[in-house]
S.K.: 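Input: one structure, supplied below.
Protein chains get the first letters and strands the later ones, always in sequence-line order, with residue 1 at the start of each. This structure is a prediction, so every number in the text was calculated from the model and none was measured.
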Amino acid sequence: MSKGETNFQFLDRFDKRVARLAKQAEKYVHTDPDSCMFKLRLMVETMAKTLTSLQMRGDISKDLGAMLGALERSGTLPRRQADTMHAIRRDGNAAVHGSPTPVPTAMRRLREAYKVSGWFCKMLKRGSKINLDAFDPPKPPTPVDQQTKNLHGKIDELEESIEQRRVATRESLLMFGPQEDVEEVTRRITEELKALDNVAAAAGEPVIDADFVALVMAMDLEQIEEDPRHGGDSRQARREAEEQLDGIKKHLADREAVFLEERTFLMEQRVHHQKENQ
Amino acid sequence: MPTLLDLPTLWFLSARTMAVAGEDLPTVQEAATGLYAQAILGLTEEECREAKDADHISNKTLIDCLAGVRALPTEESEKLLTGVMMIAYADRSMKPLEVRWASMLASAIGVSPDVFQRCCVNARIIASMLRPSGGAA
């Protein structure tokens, strides 16, 4: 791609602010990757706000993470696009908080932003035809030396491995596996459940019957908690559950911190090499 | 005779059955299922992924599931029941098949009405903790 050209020209027809942020990110990707990430994060935030105002009702949090979560839960934002937007949000936040962004990371996010912006345009104007060309990576303003190329290769490998680890974590958390046909599984389970329901209804039920279950499920939490048999247990249960949940959240946050450390380590190596060369 | 399943498979099978019974898959197909598996049941990421491997879980029936939970140690089975009830409470509504699945699981495990109520209290607490603020439920 030569100077002055852009991958994001098509965005002008749909959202000028998003288009401007994308082009700015593209411009900075080699010379100032941190600024590239700021712009990409802002671009994602702008897209999320637009989608929220178009597709959702009620009081939606202004926090980007929560906004993306709400869009995902409402079915507006598919999993793949959500992953991309969260990755940009995370790396944008890291850049804001002083963690240096390597050029290959910024380039990777720029490429992903290109794809997600095509999807965004389709969401804005349903039925509009958008045929994205292959992403054309912006060229560096000055030739890159071999040492930097090698380092970029290592960073790219690291990014790939971080991506795989994130995907693995996400897959472990969801209810269905990536290869499963959710519709088919749902159909089969519904069939089985209805058959068992008929059998249970015909045969009568043992200790815990459906009427009792319905009664307990319909009771207010406060009402059950007030029962002296459960009051103490529920408070203890909340403490224990909070501790366990905090533990998992900390584990996930620690993993993200490790990813950043690994990336920062490579960046420091680069500075070290540069000093040695001088 | 049904094959006895391991805890990770039992968890995902019983949790998704409750989700299907609730007719609200998009809401519950969140990280809550895996978070509960890892935080409360103590399963690893690897175990959670393996359990959902299509070859692993796709040929298992609800009868296999009920037979499996019946054979679990008391503590594990009660935790599993609590988690399944958490899924039921996730959307703040109750459907007839959810009630039926909870009843079948509780009977298979053999919990008393008191224990069942305690599981429900704990499930409600966890569901309220995991429910994002501002979300539809």
S.K.: Got a sec: does the CD of B/Glu46 have more than 12 other heavy atoms crowding it under 6.0 Å?
M.R.: yes

S.K.: Report the C-alpha separation of B/Asp53 and A/Gln179 in whole Å, then their side-chain angles, then the decisive distance to 0.1 Å, and conclude whether the side chain to side chain contact (heavy atoms under 4.5 Å, CB included) test is met.
M.R.: CA-CA 8 Å; B/Asp53 187 272; A/Gln179 311 304 326; over 6 Å; no

S.K.: Counting neighbours of CD on A/Glu184 that are heavy atoms of other residues, nucleotides or ligands and sit closer than 6.0 Å, is the number greater than 12?
M.R.: yes

S.K.: Quick check on B/Thr61 against chain A: is it the side chain, the backbone, both or neither that has a heavy atom closer than 4.5 Å?
M.R.: both

S.K.: Any sub-3.5 Å donor-acceptor pair from B/Arg49's side-chain atoms to A/Glu171's backbone N or O?
M.R.: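 No; judged by distance alone, with no hydrogens or angles, the pair does not exist.
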
S.K.: Would you say CZ of A/Arg165 has more than 12 non-hydrogen atoms from neighbouring residues, nucleotides or ligands within 6.0 angstrom?
M.R.: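 Count over threshold, so yes.
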
S.K.: Is a side-chain donor or acceptor of B/Lys52 paired with a backbone partner of A/Ser172 at a separation under 3.5 angstrom?
M.R.: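 Yes: the side chain of B/Lys52 pairs with the backbone of A/Ser172.
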
S.K.: Report the distance from atom CD1 of B/Ile57 to atom CD of A/Glu180, rounding to the nearest 0.5 Å.
M.R.: 6.0 Å

S.K.: When rounded to the nearest 0.5 angstrom, what distance separates CD in B/Gln38 from CG in A/Leu173?
M.R.: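 The CG atom of A/Leu173 is 5.0 Å from CD of B/Gln38, to the nearest 0.5 Å.
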
S.K.: Treating A/Arg188 as the side-chain partner and B/Ser58 as the backbone partner, does any N or O pair qualify as donor plus acceptor under 3.5 Å?
M.R.: yes

S.K.: Check each atom of A/Arg170 against the heavy atoms of chain B and say whether the ones under 4.5 Å are side chain, backbone, both or neither.
M.R.: neither

S.K.: Given B/Met104 and A/Leu193, is the side chain to side chain contact (heavy atoms under 4.5 Å, CB included) satisfied, shown in steps?
M.R.: CA-CA 10 Å; B/Met104 286 191 283; A/Leu193 254 183; 4.0 Å; yes

S.K.: Under the criterion side chain to side chain donor-acceptor pair (under 3.5 Å), I'd like the reasoning laid out for B/Glu45 against A/Thr169: C-alpha separation, chi angles, the key distance, then a yes or no.
M.R.: CA-CA 7 Å; B/Glu45 272 190 22; A/Thr169 297; 3.0 Å; yes

